[in-house]
Every structure is written in C-alpha cells, then in structure tokens.
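The block underneath contains the structure these notes are about, expressed in structure tokens.
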Amino acid sequence: MSNLTIPGSQSTPEITADWDAGLLSMQGDSYPENSFELFGPVIDWVERFVADCDKPLRLELRLLYLNTSSIRAVMDIFDTLEEAHQRGRDVAVNWHYDHRNERVAELAEEFKEDCSFPFSIVSYS
C-alpha cells in the first residue's frame, strides 16, 4: 500500500509509517492544536494495515510529552492494535524513553496495563 510521513515540529512528533517494513514510528513532543488532524491519517494507516496486510506491525515510540488529546489518539491506535491482536495478528509496541524522564515511563506503563499484545518499555541514556 502506501507509506506515511508527517514531519515533526516543536509541538508535533515526527511520524513515519513504512508499509513494507510493517513499522510505525513516532518521536518528539505531541501537543498539537488539532490532534485529530495530526493523528487521523495515522489511525487510518494503522486500520488499513491490520485489515489489508498479513505482516507483523511494530510501533517504535520515542514520545517525550503528550497532551490529553494526543493521549486519546494514541489510545485509539492501541485499541486498534488490541483488536488485531485478539484476532491473532502479530503486533507489538516498543516505547523508548530517556531514563531521566520517569513521567514518560509512567505514562507508558499506564498504556501497557490495558494491552495484551507485546509492549516493551525501554530506557535509554
């Protein structure tokens, strides 16, 4: 199908989705003025991928800060992954965080509690 590239800015994460590799990555801060405008294409891409492709899907996250509406959008993505996982799809999340930023680790832990698919929280320095 198609790839997706959304350049990052001061208030939005860089987002890349590689269909052939089965990889969605997001990195940076996320406090956009309109999270639906930012994340709508990402959610659509994930939904199409799990519906149209049999390959595994991996999310590599390096999100530093998320506002409430961004958290909701990420929850929507994780809900789609959870549904796919329940149907037997191979999906996984790796959430990388700076070891000095425990708030991000705590947020990732909160997300992980609601997910039954593989979900790793990885500290880096």
Side-chain angles (χ1 to χ4, degrees):
M1 199 75 180
S2 63
N3 294 336
L4 176 68
T5 302
I6 301 172
S9 72
Q10 182 176 347
S11 62
T12 61
E14 175 185 338
I15 302 171
T16 57
D18 184 323
W19 189 273
D20 292 332
L23 178 64
L24 171 64
S25 64
M26 294 187 269
Q27 60 184 16
D29 288 328
S30 186
Y31 53 97
E33 286 186 32
N34 185 336
S35 65
F36 179 76
E37 187 177 297
L38 174 67
F39 286 104
V42 179
I43 293 167
D44 290 344
W45 188 92
V46 171
E47 289 173 347
R48 278 185 311 152
F49 188 92
V50 298
D52 298 346
C53 187
D54 292 335
K55 291 187 252 183
L57 177 59
R58 301 283 178 263
L59 270 68
E60 294 290 334
L61 306 178
R62 285 179 171 79
L63 297 169
L64 307 174
Y65 171 81
L66 288 88
N67 67 1
T68 303
S69 60
S70 295
I71 288 171
R72 181 69 201 135
V74 171
M75 286 173 57
D76 289 346
I77 293 168
F78 287 175
D79 287 347
T80 300
L81 295 180
E82 184 65 30
E83 291 168 11
H85 177 70
Q86 295 300 322
R87 293 189 314 268
R89 289 297 307 277
D90 183 359
V91 298
V93 170
N94 295 311
W95 193 316
H96 305 266
Y97 74 97
D98 186 314
H99 74 282
R100 296 167 296 193
N101 191 344
E102 285 299 315
R103 288 186 326 205
V104 172
E106 291 168 7
L107 177 62
E109 284 290 344
E110 289 177 27
F111 277 116
K112 183 178 180 176
E113 288 174 6
D114 296 329
C115 301
S116 66
F117 54 82
F119 192 126
S120 299
I121 301 170
V122 183
S123 171
Y124 64 87
S125 51

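Because only heavy atoms are used, hydrogens play no part in the values below, and waters and symmetry mates are left out as well, while side chains stay in.
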ILVMFWY network linking [X] to [Y], side-chain heavy atoms under 4.5 angstrom:
{"X": "L4", "Y": "F36", "answer": "no"}
{"X": "L24", "Y": "I71", "answer": "yes"}
{"X": "M75", "Y": "I121", "answer": "yes"}
{"X": "Y97", "Y": "Y65", "answer": "no"}

Nearest 0.5 Å, what's the [atom1]-[atom2] distance between [X] and [Y]?
{"X": "Y124", "Y": "N101", "atom1": "OH", "atom2": "CG", "answer": "8.0 Å"}
{"X": "E47", "Y": "I77", "atom1": "CD", "atom2": "CD1", "answer": "9.5 Å"}
{"X": "S69", "Y": "E33", "atom1": "OG", "atom2": "CD", "answer": "10.5 Å"}

Can you tell if the side chain of [X] reaches within under 4.5 Å of the side chain of [Y], non-hydrogen atoms only?
{"X": "F39", "Y": "D76", "result": "no"}
{"X": "S30", "Y": "V74", "result": "no"}
{"X": "I6", "Y": "T12", "result": "no"}
{"X": "D20", "Y": "K55", "result": "yes"}
{"X": "W19", "Y": "D52", "result": "yes"}
{"X": "L66", "Y": "M26", "result": "no"}
{"X": "C115", "Y": "L81", "result": "no"}
{"X": "S2", "Y": "R48", "result": "yes"}

Evaluation steps, side-chain hydrogen bond (donor to acceptor under 3.5 Å, both in side chains), between S25 and T16: CA-CA 5 Å; S25 64; T16 57; 2.6 Å; yes
Minimum-distance pair of heavy atoms, taken over all atoms of [X] and [Y]:
{"X": "R89", "Y": "C53", "result": "NH1-O, 2.8 Å"}
{"X": "V91", "Y": "H85", "result": "CG2-CB, 3.8 Å"}
{"X": "E82", "Y": "F117", "result": "OE1-CD2, 3.3 Å"}
{"X": "R100", "Y": "D98", "result": "NH2-OD2, 2.5 Å"}
{"X": "E60", "Y": "L23", "result": "CG-CD1, 3.5 Å"}
{"X": "L38", "Y": "P32", "result": "CD2-CG, 3.9 Å"}

Under a 4.0 Å threshold between the charged nitrogen and the carboxylate oxygen, would D90 count as salt-bridged to R58?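 The answer is yes: the pair qualifies as a salt bridge.
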Using modelled atom types and a 3.5 Å cut-off, is there a donor and acceptor pairing between side-chain atoms of H96 and backbone atoms of L61?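 Not a single qualifying donor-acceptor pair exists.
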Taking atom types as modelled and ignoring hydrogens, do the side chains of Q86 and S116 form a donor-acceptor contact shorter than 3.5 angstrom?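 Per modelled atom types, Q86 and S116 side chains form a pair under 3.5 Å.
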Kindly list each side-chain donor-acceptor pair under 3.5 angstrom involving residues 104-114, sequence neighbours excluded, with atom names and distances?
from, atom 1, to, atom 2, distance (Å)
K112, NZ, F119, O, 3.2

Just wondering, more than 12 heavy atoms not from D54 lying within 6.0 Å of its CG?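 No, not enclosed.
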So does R103 have more than 12 non-hydrogen atoms from other groups sitting under 6.0 Å from CZ?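 Check fails, neighbour count at 12 or below.
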Could you walk me through whether V50 and E83 satisfy the side chain to side chain contact (heavy atoms under 4.5 Å, CB included) test, starting with their C-alpha distance in whole Å, then the side-chain angles of each, then the deciding distance to 0.1 Å, before giving a yes or no? CA-CA 9 Å; V50 298; E83 291 168 11; over 6 Å; no
